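All values derive from a computational prediction rather than experimental measurement. All ligand and atom numbering here is 1-based and tracks the order in the structure. All heavy atoms count here, side chains included; hydrogens, waters and symmetry mates do not.
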Amino acid sequence: MKRVAILGGGPAGAFAAEQLAAAGLKVSLFDEKLAWEKPCGGGLTYKAYSQYPFLIENDTPKRLVTETVLAAPKAGDVSLKLGDPLLIYSRFDLNRMLLERAARAGANVEKARVTAMTRGANGWQIRTNAGIANADFCIVATGARNPLRDVGTQLRAGDTMSALGYYVPGDQARIDIQFLDGLEGYIWIFPRCGHLSVGICGKGEPAPMLRQRLERFMDQRGIAWKGSAFYSHLLPALEAGSWKKNRVSGEGWMAVGDAAGLVDPITGEGLYYAIRSGDLAAQSVLAAAPTESQMAENYRRLLRRDFASDLEFGSRLAQRVFVGRFLFGSVPARMVQFTRRSPRFSNIMQDLFAGKQPYLGLKKRLLRNLNGSLYEIGMSLSFSRLVPRKARA
Ligand SMILES: Cc1cc2nc3c(=O)[nH]c(=O)nc-3n(C[C@H](O)[C@H](O)[C@H](O)COP(=O)(O)OP(=O)(O)OC[C@H]3O[C@@H](n4cnc5c(N)ncnc54)[C@H](O)[C@@H]3O)c2cc1C
C-alpha cells in the first residue's frame, strides 16, 4: 500500500496522517475547514497527555486546571482537587497544532470538501469540490456528522447526545460541573484562554429543552448568554447494544474518532479516543495484514482491546450515573456528598477525571472501598455535629 487518503482533519484524521506520513506512506488529508473552532470544551485528560506527551509539552496556548467543583440538586457542591491537571485548548489551536505536525511529517494537507468516495479495480477514487484524487486506502475522520453514508458508524437516535452552549467573556480558575434533575447529561463551565465555555450535553431530551435548562442555569449564576456566541453539535454516545454492530472498518477503509462513534458515553470525552483511534488505525495500516478484511478485523480487535470494551461498559452505566438512585438519594447527589466526606471516594473521583480509572473495574474498586468510605463519611458527619463550624474554622 502506498497512497492513503485521510478524509477529515480533526484530531483523529490529523494524528493518523502524521503517523502514516512519518512511516513513509504517501498521505493526502482533506478537510473542508482545516483548523477551526469546532464546538467543543477542548478538555484533555491526563490519560491523553501522559500517553502523548507532545499534547502538554508545546508552545500552543492552553489552560491547566487543577480544581473542579461538582454540584447536584439537594447536595450543594464540593471542590475536587485534580492531582493531574486537565488541559483546556481552543479547538482552533489544537487542530492547527495537529495539522501542522501532520504536514511536517510529510502529509499533503488540502482544504477541500469530500463529496464522495468510490472503489474500483485500482483502489479508491475520492471526489472533492477541488477535483478527484486516487488512493489505495481511506481513513474516514469526518466527525459525528459524517456525510459519507457507506462508511463509519451508523448513528441511530439513541446513539447521540446533543451538546450546545455559549462562549462568554469571563475568567475563572476552576471547572464547574452541574448535574440536573432527571437529565442524562450535565452542564459545564470550562475556563479557556480569554473566555469561558458554558455548555450542556444530554441524551433523550431535544436540543431546545437543553438550551432552556442551560439559559436558566446561566441566569441563576448571573452569566449573560444574550449576545454571546452560541454553539451546538452532535456527540456520539452509543447505546450498549450498538457497540457490537458498530461499523468501524471494512475492505479498504477504517473510521476513526467521532466518525467511528468513539466517545465516552458518560463524560462526552472524545479527543483522547480520536487521537488514540487515529494511532491504532495507522498501526493497523502499517502492520499490513495479508488481506484487507484481515486488516479491518485487526483494527477492530485493537480498538476493543485498547478502550472500546471499556466505553461499551460505560454505556451500560450511563443512565445509572445520571438518573439512578443510591441509598434513597440520586446518584449525582450521593457522588457530591461522598466526595465531600470521604477522601477515599474523592480519590476515585480524581482518577475518573484523569482517565486513570476505567469503567471496567470501577465497581470492584467502589466495593473494595465502600466500608472505608462509609466509615469516613460517618466520622466526618459525627465530627461536624460534635464540633461547631466556627471552632472547625
Ligand atoms: C459541545 C461539545 C463539547 C465537547 N467537549 C469535549 C471535551 O472537553 N473534551 C473531549 O475530549 N471531547 C469533547 N467533545 C468531543 C470532541 O469534540 C470530539 O470527540 C472530537 O472533536 C472528535 O475528533 P474527530 O477528529 O473525530 O472529529 P472532528 O473534530 O469533528 O473533526 C472532523 C473534521 O472533518 C471535517 N469534515 C467533515 N466532513 C467533511 C467532508 N465532507 N470533507 C472534508 N472534511 C470534512 C471537519 O471540518 C472536521 O475538521 C465535545 C463535543 C462537543 C460537541
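- With Asp306 as reference, Arg276 is the one residue of Arg300, Lys47, Arg276 to meet the salt bridge (Lys or Arg N to Asp or Glu O under 4.0 Å) rule.
- Residue pairs meeting the side chain to side chain donor-acceptor pair (under 3.5 Å) criterion with at least one member in residues 102-113, sequence neighbours excluded: Glu32-Arg113.
- The pair Asp93-Arg91 does not count as a salt bridge, with every side-chain nitrogen at least 4.0 angstrom from each carboxylate oxygen.
- At a 4.0 Å heavy-atom cut-off, ligand 1 touches Pro11 through backbone and side chain alike.
- In this pair, Tyr52 and Phe15 present their aromatic rings perpendicular. The plane angle is above 60°, beyond the 30 to 60° band.
- Between Leu271 and ligand 1, at least one pair of N/O atoms sits closer than 3.5 Å.
- Under a 4.0 Å criterion applied to the non-hydrogen atoms of Gly10, ligand 1 contributes the atoms 25 (O), 31 (O), 33 (C), 49 (O).
- Of all the atoms in ligand 1, the ones that sit under 4.0 Å from a non-hydrogen atom of Phe190 are 8 (O).
- Using a 4.0 Å cut-off between heavy atoms, Cys201 makes no contact with ligand 1 at all.
- Residue contacts with ligand 1: Gly199 is excluded, as none of its non-hydrogen atoms falls under 4.0 Å.
- Of the candidates Gly143, Gly152, Ala260, Gly143 brings a heavy atom nearest to atom 28 (P) of ligand 1.
- Residue contacts with ligand 1, taken as heavy atom pairs separated by less than 4.0 Å, involve Glu269 via backbone and side-chain atoms alike.
- Using a 4.0 Å cut-off between charged nitrogen and carboxylate oxygen, Arg63 and Asp171 count as a salt-bridge pair.
- Between Glu312 and Pro265, the closest side-chain pair of non-hydrogen atoms is not below 4.5 Å.
- Between Ala12 and ligand 1, at least one pair of N/O atoms sits closer than 3.5 Å.
- Lys62 places a side-chain N or O within 3.5 Å of a backbone atom of Thr60 that can act as its donor or acceptor partner.
- Counting heavy atoms under 4.0 Å from ligand 1, residue Ser232 does not touch it at all.
- Taking the centre and axis of the six-membered ring of Tyr359, the NZ or CZ atom of Arg316 falls outside the cone set by 45° and 6.0 Å.
- For ligand 1 and Gly257, the ligand atoms under 4.0 Å from any heavy atom of the residue are 26 (O).
- For Trp36, the heavy-atom gap to ligand 1 drops under 4.0 angstrom.
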Exercise for review: Show your reasoning for whether side chain to side chain contact (heavy atoms under 4.5 Å, CB included) applies to Val114 and Thr142.
Suggested key: CA-CA 9 Å; Val114 176; Thr142 37; 5.7 Å; no
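- Atom 8 (O) of ligand 1 has its closest protein heavy atom at Gly43 N, 2.9 Å.
- Below 4.0 Å from some heavy atom of His233 lie the following atoms of ligand 1, by number and element: 53 (C).
- In this structure, atom 51 (C) of ligand 1 lies nearest to the protein heavy atom Leu235 CD1, 3.3 Å.
- With a 4.0 Å cut-off on non-hydrogen atoms, Arg91 touches ligand 1 through its side chain and not its backbone.
- No donor-acceptor distance shorter than 3.5 angstrom exists from the side chain of Lys2 to the backbone of Lys26, with no hydrogens or angles considered.
- Annotation: atom 4 (C) of ligand 1 to nearest protein heavy atom, Gly41 N, 3.2 Å.
- For the pair Gly270 and ligand 1, the shortest N or O to N or O distance falls below 3.5 Å.
- Contact atoms of ligand 1 toward Tyr231: 1 (C) (distance under 4.0 Å to a heavy atom of the residue).
- The N/O atoms of Asn95, backbone and side chain alike, include none that comes under 3.5 Å of an N/O atom in ligand 1.
- Under 4.0 Å from ligand 1, the heavy atoms of Pro147 that appear belong solely to its side chain.
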Point to revise | Verdict with reasoning, Val140 to Ile6, per side chain to side chain contact (heavy atoms under 4.5 Å, CB included) | key: CA-CA 6 Å; Val140 180; Ile6 313 259; over 6 Å; no
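- Legend: residues meeting side-chain hydrogen bond (donor to acceptor under 3.5 Å, both in side chains) with Gln51, ordered by chain and number and at least two apart, are Tyr272.
- The contact set between ligand 1 and Gly268, taken as ligand atoms under 4.0 Å from a residue heavy atom, comprises 12 (N), 13 (C), 14 (N), 15 (C).
- Thr118 is not listed as a side-chain neighbour of Trp124, based on a closest heavy-atom distance of 4.5 Å or more.
- Every N/O-N/O distance between Leu234 and ligand 1 stays at or above 3.5 Å.
- Remark: minimum distance from atom 17 (O) of ligand 1 to any protein heavy atom is reached at Lys38 NZ, 2.8 Å.
- Nearest-heavy-atom check against atom 32 (C) of ligand 1 across Ala141, Gly8, Gly261 picks out Ala141.
- Between Val114, Ile88, Leu164, Asp31, it is Asp31 that holds the heavy atom closest to atom 48 (C) of ligand 1.
- Counting only heavy atoms of the protein, atom 37 (C) of ligand 1 lies nearest to Thr142 O, 3.3 Å.
- In this structure, the side chain of Glu239 does not engage the main chain of Gly241 through any donor-acceptor pair within 3.5 Å.
- A donor-acceptor pair is defined here as one N or O able to donate and one able to accept, closer than 3.5 Å; such a pair exists between the side chain of Glu37 and the backbone of Phe92.
- Counting heavy atoms under 4.0 Å from ligand 1, residue Asp258 touches it through both backbone and side chain.
- Heavy-atom distances between Ala112 and ligand 1 reach below 4.0 Å in at least one pair.
- Taking atom 44 (N) of ligand 1 as the reference point, the nearest protein heavy-atom neighbour is Glu32 N, 3.1 Å.
- Under the 6.0 Å distance and 45° angle rule, Lys33 counts as a cation-pi partner of Trp36.
- Proximity of the aromatic rings of Tyr231 and Tyr166 is defined here by a centroid distance below 6.0 angstrom, and this criterion is not met.
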